[in-house]
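Whatever order the structure lists ligands and atoms in, that order sets their numbers, starting from 1. Values below: all heavy atoms of this structure, side chains included; hydrogens, waters and symmetry mates excluded.
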Amino acid sequence: MKSSILTMENIKCHFPIERGIFKTKQSVKALDGVDLNIYEGDTFGLVGESGSGKSTLARVVAGLQRPTNGRVFFRGKDITPLRNQESKALKISDIQMVFQDPYSSIDPRMLIGEIIEEPMLIAGWGKSERKKRTEELLELVGLSKEAAKRYPHEMSGGQRQRVAIARAIALKPKLVICDESVSALDVSIQAQILNLLDDLQTEFNLTYLFIAHDLGVVRHMSDVIGIMYLGEIVEKGMTEEVYQNPLHPYTKALVSMIPTIEHRIHNRERIVLKGEIPSPMKLPKGCRFHTRCPYKMKICEDINPKLQEVEEGRLVSCHLFN
Ligand code: ADP
Ligand code: MG
């Protein structure tokens with residue numbers, strides 16, 4: 001039996017904001033009741049359109065964002081971030097993050113060697129230890145020793161992402177969150193970085209929370225996937241099962257949009273969703289997806305369906321399956 005490494009229980013993250021000249025108070029419901037369980041050594045792929053709450057979820061897991069409601073457990077221990085404790089967690093914990101744009105997480109004035117060493121410095125490592133580990137890490141991520149003396153702008157996007165990965169694994173974390181880590185890269189470079197992540201996972205038994213808006217990228221990485229829509233997970237299951245037989249209408253639409261030879265062979269129809277994703281400030285009543293759903297029924301306008309197990313290990317929130 002695999003053991004659970006990360007559990008989220010009913011996580012809500014509402015950002016209060018004031019709008020317009022009357023300063024009307026509203027809130028952005030970035031996460032609205034997320035339950036999640038990730039097993040040790042697995043890759044959990046999280047997919048959803050831009051604005052669905054993926055990065056907010058990543059920040060809550062990394063301890064950078066305090067949820068409005070709910071609890072986060074890491075290996076059974078409550079790690080729900082507390083007020084004022086926000087940024088400390090990321091640098092020292094067993095949970096590390098690799099962002100889409102390394103420029104947002106690394107200081108462009110620092111040398112690559114310094115960037116990779118920084119977490120060790122914060123953890124109080126001595127100089128020779130740091131140097132040794134940095135060399136080891138550069139090799140692990142496929143960079144030369146000389147790269148340590150270069151600046152981020154002297155490197156390509158793919159190389160910078162290798163640096164971000166080296167830094168993230170420097171202190172041997174257990175869980176690495178990749179938030180759109182390959183989304184900005186060209187397809188061939190994407191494949192190289194995905195291979196690197198794969199190799200590192202095998203070598204160090206890492207667990208990944210792998211986030212992308214692109215289903216294609218997530219498919220090859222993930223054991224399990226969760227589909228997010230407007231702050232909720234609407235479907236969850238073993239990756240291949242979800243791809244072969246998507247159950248939630250939103251997942252069906254996402255899967256139908258992946259351009260693959262497979263789809264042409266099976267002559268699968270594309271499902272084009274009407275309209276845009278609603279604002280998380282004005283969530284639709286009832287099922288969040290009903291405004292765009294081709295299968296909408298009366299009940300969908302009034303009642304938000306719960307995420308329920310419909311087959312073993314397969315969870316869906318949709319009235320079609322209640
Ligand atoms: P994704 O990563 O899926 O694109 P995000 O988690 O970045 O989604 O954002 C979800 C929603 O929450 C968006 O509408 C975004 O504008 C909003 N949001 C995120 N962070 C904040 C914040 N600090 N204050 C207000 N709104 C926020
Ligand atoms: Mg994001």
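Distance check for atom 15 (C) of ligand 1: every protein heavy atom is found at 4.0 Å or beyond.
Using a cut-off of 4.0 Å between Lys/Arg side-chain N and Asp/Glu carboxylate O, Lys132 and Glu129 are scored as not salt-bridged. Salt bridge status for Arg167 with Glu117: absent, with no side-chain N to carboxylate O gap under 4.0 Å. Under 4.0 Å is where a charged nitrogen must lie from a carboxylate oxygen, and between Lys2 and Glu40 no such pair does. Checked for salt-bridge contact, Arg150 and Glu146 miss the test: no charged N lies under 4.0 Å from a carboxylate O.
For the Mg ion (ligand 2), the set of nearby N, O or S atoms under 2.8 Å includes none belonging to Gln100.
Residues forming a side chain to side chain contact (heavy atoms under 4.5 Å, CB included) with Leu254 (at least two apart in sequence, or on another chain): Leu215, Ile227, Tyr250.
Using a 4.0 Å cutoff on heavy atoms, Gly53 counts as a contact of ligand 1. Proximity of Glu49 to ligand 1 is established by a heavy-atom distance of less than 4.0 Å.
Under 4.0 Å from ligand 1, heavy atoms of Thr56 appear from its side chain as well as its backbone. Using a 4.0 Å cut-off between heavy atoms, Ser52 contacts ligand 1 through both its backbone and its side chain. Of the heavy atoms in His213, none comes closer than 4.0 Å to ligand 1.
Side-chain contact, Glu180 with His213: a donor N or O sits under 3.5 Å from an acceptor N or O. A donor and an acceptor atom, one from each side chain of Glu235 and Thr251, are located under 3.5 Å apart. Looking at Thr80 and Asp78, their side chains do bring a donor and an acceptor atom within 3.5 Å of each other.
The single protein non-hydrogen atom nearest to atom 19 (C) of ligand 1 is Phe15 CE1, 3.6 Å, given as residue, atom name and distance. The protein heavy atom nearest to atom 7 (O) of ligand 1 is Ser55 CB, 3.6 Å. Atom 17 (C) of ligand 1 has Val28 CG1, 3.6 Å as its closest protein atom, hydrogens excluded (heavy atom only).
In summary, of the residues considered (Lys285, Lys296, Arg288), a salt bridge (Lys or Arg N to Asp or Glu O under 4.0 Å) with Glu301 occurs for Lys296 alone.
Residue-ligand proximity, Pro280 to ligand 1, at heavy-atom distances under 4.0 Å covers atoms 14 (O). With ligand atoms numbered from 1 in the order given, ligand 1 contributes 4 (O) to contacts under 4.0 Å with heavy atoms of Ser50.
For atom 12 (O) of ligand 1, the nearest non-hydrogen atom from the set Ala30, Cys13, Pro16 belongs to Ala30.
Considering both main-chain and side-chain atoms, Gly51 comes within under 3.5 Å of ligand 1 through a nitrogen or oxygen pair.
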